[in-house]
*Asks:* 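Shown below is the structure under consideration.
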Amino acid sequence: MSIVRGLAVFLAGACLIAGTAPAAAQAPVDGGRDGDGDGAASLPPPFAPDQVLVAFRPGLAGAEVAQAHAAAGARVLKRFAAIGVELVAVPAGSVQAAVAFYQHNPNVRYAEPNYYRPLVLPTEGRDPPDALDIDYFTQQWGLHNTGQGLFDPETGGTLAATADADIDAPEAWDLTPGSDTVRIAILDSGVECTHVDLATKCLEQKNFTGSSTAADLIGHGTHVAAIAAAETNNGIGTAGVGWNAKFGSIKVCHEYPSESFPLLGMCEVADSIEGLLYAADNGYHVVNMSYGSDPDPYSPSNAEREAIAYAWSKGLVLVAAAGNDYASNRHYPAAFAEVISVAATDRHDNLAYFSTFDKNWVSVAAPGHQILSAYPNAGCGIAADHPEGCYNWLSGTSMAAPHVAGVAALVRAYNPGLSNAEVRSRIEGGADASGALGQNFRAWVKYGRVNAHRALGAGTEPPPPPSQISLSATGSKVKGVQQADLHWSGATTAVDIRRNGGTIATNEPNDGEYRDAIGQKGAGSHTYQVCETGTTVCSNEATVSF
């Protein structure tokens with residue numbers, strides 16, 4: 001084992017902070033919806049007040065599309081041709097009425113709001129001493145844990161760790177340092193690409209939000225990018241899991257409510273879709289999405305599901321944070337079938353006190369508590385090109401996910417001929433089923449805590465690739481009576497239709513369409529799956545609400 005490879009030595013007097021927000025003031029405490037904080041706060045609106053995502057039937061004439069928009073009083077803002085979806089502007093306050101209007105059009109596959117996912121910067125700890133003389137790599141317990149003493153960003157004292165509560169990064173690096181041809185798309189709040197630990201790794205900065213800048217004014221995206229792909233073994237800062245992997249900053253989360261108060265981020269589904277499609281069509285291999293929300297009061301998005309399916313079809317490995325509810329609520333995009341959803345562990349291999357968990361839909365766990373990584377230099381009050389850079393400890397499943405994205409980059413570099421399903425299979429099949437203290441990881445997640453060394457093929461038997469069946473569902477009412485239209489692809493046999501866990505139809509033709517005449521009136525929601533008849537090969541879950 002070559003520990004020296006991962007070293008990034010800290011010199012006395014370099015710049016760190018512990019849980020403070022950049023520039024303006026301390027960030028508000030998270031309401032728990034995004035998976036990045038641990039307190040209570042009022043929730044932002046669930047969706048944009050004047051935008052709707054609309055999907056028309058394939059092959060519909062342009063004149064009919066234009067007529068439908070005109071009838072709804074809508075104006076097209078963006079077209080996502082790859083998935084046949086359009087983002088339209090409607091009068092403020094009319095979103096729900098516009099959605100209902102579109103859904104009554106037989107030429108519309110579905111219509112939905114442009115959902116918001118709040119992104120709140122975690123606020124843990126306090127400023128460390130002015131001159132903190134530590135070796136950064138020894139603080140990266142998630143990469144290599146010997147039971148060493150760790151700096152405590154909350155108290156300024158020392159914490160004990162547990163040996164081997166880590167992802168075995170140095171052992172993996174002995175097999176491969178990764179490759180600079182492997183590209184990770186960081187879909188987030190932007191990245192400070194001038195940071196000394198990121199400047200040589202940043203391929204591009206794209207901004208798909210309403211923000212006037214591609215820069216990271218929140219701090220979240222910079223922290224995430226460095227976990228996955230910081231410059232490694234350069235004598236500065238921290239080590240990135242993917243070592244030689246490079247990344248692109250794909251800004252899909254903007255400052256909220258304005259750039260003058262850059263403490264809260266907002267990730268709009270339409271921006272997430274645009275970022276996913278861009279990554280899929282521009283040579284990326286891995287996507288990291290450290291954001292999300294659960295369906296109440298938010299909702300899974302049919303359009304985002306189709307963007308996820310498109311990116312998967314283009315060969316991308318998709319990784320997302322599972323959430324911070326300390327419950328089993330499904331968070332999206334993590335809960336989509338094509339995505340590796342990631343829970344968080346602490347320095348003893350315990351499930352982090354804030355982490356979402358569920359052994360049915362959360363794929364793996366990875367280190368996510370008090371993670372040291374790069375941070376915008378403004379957070380330390382230094383110039384953007386400062387030669388020592390700014391670093392910070394943050395916690396959240398947002399920090400766990402890029403550990404897995406970095407592992408995916410290593411697997412891809414070590415085995416460049418693998419498909420995305422095979423890369424995912426190696427990550428999940430190589431996960432440790434038990435922890436350093438004997439914890440049963442599979443009581444919390446489906447496969448275990450990620451092990452980078454085993455993911456590269458060291459004595460593992462990968463599970464079969466995940467199901468390729470993709471399902472969407474759209475609800476409507478006829479004379480007040482509920483019905484749902486299901487659309488799927490990827491099944492290879494006749495199918496069974498399941499509603500709310502029970503089978504409602506069996507051995508149905510695999511023609512990709514099914515209408516469920518629910519027969520109920522009023523409000524409610526129903527969750528569907530399509531399964532190959534007589535098997536456990538099933539689609540993602542799709543929910544309709546009335």
Side-chain angles (χ1 to χ4, degrees), residues 45-80 83-116 268-270 273 295-307 309 332 470-489 497 499-500 504 512-530 539-546:
F47 48 77
D50 57 356
Q51 294 179 1
V52 172
L53 288 158
V54 187
F56 289 94
R57 303 284 183 189
L60 188 66
E64 292 184 85
V65 171
Q67 184 178 11
H69 289 325
R75 173 175 55 86
V76 176
L77 299 175
K78 293 181 180 179
R79 290 185 171 89
F80 306 121
I83 57 172
V85 173
E86 298 185 355
L87 176 68
V88 300
V90 297
S94 70
V95 167
Q96 291 169 312
V99 167
F101 182 84
Y102 277 112
Q103 286 178 336
H104 281 89
N105 186 330
N107 291 319
V108 172
R109 292 193 290 124
Y110 60 80
E112 62 188 23
N114 180 17
Y115 292 109
Y116 282 166
E268 300 182 18
V269 161
I273 290 168
D296 183 17
Y298 307 89
S299 176
S301 162
N302 288 305
E304 187 175 37
R305 185 206 62 78
E306 291 189 348
Y332 293 88
S470 294
L471 172 68
S472 63
T474 304
S476 60
K477 290 184 179 180
V478 177
K479 296 182 178 179
V481 179
Q482 300 172 3
Q483 65 179 22
D485 288 307
L486 311 185
H487 299 273
W488 69 87
S489 62
I497 310 296
R499 185 211 303 151
N500 300 331
I504 60 171
E513 294 186 358
Y514 181 83
R515 172 166 288 176
D516 178 22
I518 300 168
Q520 300 178 12
K521 291 188 175 183
S525 64
H526 305 282
T527 300
Y528 292 90
Q529 274 191 304
V530 170
S539 70
N540 57 289
E541 292 183 346
T543 300
V544 295
S545 298
F546 298 93

*Asks:* Under the salt bridge (charged side-chain N to carboxylate O under 4.0 Å, His left out) definition, can you give me all pairs with a residue in residues 53-65, not counting sequence neighbours?
*Replies:*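 Residue pairs with at least one partner in residues 53-65: there are none.
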
*Asks:* Are the side chains of Y116 and E268 in touch, meaning some heavy atoms are under 4.5 Å apart?
*Replies:*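 The answer is yes; the side chains approach within 4.5 Å.
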
*Asks:* With rounding to the nearest 0.5 angstrom, report the CZ to CG distance, R79 to L87.
*Replies:*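 Answer for the CZ-CG pair, R79 versus L87, is 11.0 Å.
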
*Asks:* Name all residues meeting the side chain to side chain contact (heavy atoms under 4.5 Å, CB included) criterion together with S525; count only those two or more places apart in sequence or in a different chain, and write none if there are none.
*Replies:*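 Result, side chain to side chain contact (heavy atoms under 4.5 Å, CB included) vs S525: T543, S545.
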
*Asks:* Considering non-hydrogen atoms only, spot the tightest contact between A473 and L486 and give its length.
*Replies:*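 Closest approach of A473 to L486, heavy atoms only: CB-CD2, 3.5 Å.
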
*Asks:* Heavy atoms, side chains only, cut-off 4.5 Å: are V530 and I497 in contact?
*Replies:*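 V530 reaches I497 side chain to side chain.
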
*Asks:* Measure across A98 and V90 and return the closest heavy-atom pair with its distance rounded to 0.1 Å.
*Replies:* CB-CG1, 4.0 Å

*Asks:* Nearest 0.5 Å, what's the CH2-OG distance between W488 and S470?
*Replies:*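 Here the rounded value is 13.0 Å.
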
*Asks:* Listing request: all side-chain hydrogen bond (donor to acceptor under 3.5 Å, both in side chains) pairs with a residue in residues 95-104, at least two apart in sequence or in separate chains.
*Replies:* H69-Y102

*Asks:* To check you understand the geometry: which heavy-atom pair defines the closest contact between P113 and V95, and what is its length?
*Replies:* CB-CG1, 3.8 Å

*Asks:* Closest heavy-atom contact between A68 and F56?
*Replies:* CB-CE2, 3.8 Å

*Asks:* How many angstroms lie between atom CG of N500 and atom OH of Y528, to the nearest 0.5 angstrom?
*Replies:* 7.0 Å

*Asks:* Go through the structure and list residues passing salt bridge (Lys or Arg N to Asp or Glu O under 4.0 Å) with E306, not counting sequence neighbours.
*Replies:*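 Residues passing salt bridge (Lys or Arg N to Asp or Glu O under 4.0 Å) with E306: R109.
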
*Asks:* So which heavy atom on A270 is nearest to which on N114, and how close?
*Replies:* N-OD1, 2.9 Å

*Asks:* Measure across L471 and N540 and return the closest heavy-atom pair with its distance rounded to 0.1 Å.
*Replies:*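 Scanning both residues completely, I find the closest heavy atoms to be N-OD1, 2.8 Å.
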
*Asks:* Between side-chain atoms of residues 475-483 and protein atoms elsewhere (two or more places apart, or another chain), which donor-acceptor pairs fall under 3.5 Å?
*Replies:*
residue : atom : partner : partner atom : Å
S476    : OG   : Q483    : NE2          : 3.2
K477    : NZ   : G522    : O            : 2.9
Q482    : OE1  : H526    : NE2          : 3.0
Q482    : NE2  : G522    : O            : 2.9

*Asks:* Does A303 have any side chain to side chain contact (heavy atoms under 4.5 Å, CB included) partners at least two apart in sequence or in another chain, and if so, which?
*Replies:*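 By the side chain to side chain contact (heavy atoms under 4.5 Å, CB included) rule, A303 matches L53, V85, Y110, E112, I273, S301.
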
*Asks:* Measure the shortest side-chain to side-chain distance between R305 and P300 over non-hydrogen atoms and say whether it is less than 4.5 angstrom.
*Replies:*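 Sidechains of P300 and R305: no contact.
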
*Asks:* V108 versus V54: any side-chain heavy-atom pair under 4.5 Å?
*Replies:*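 Yes, their side chains come closer than 4.5 Å.
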
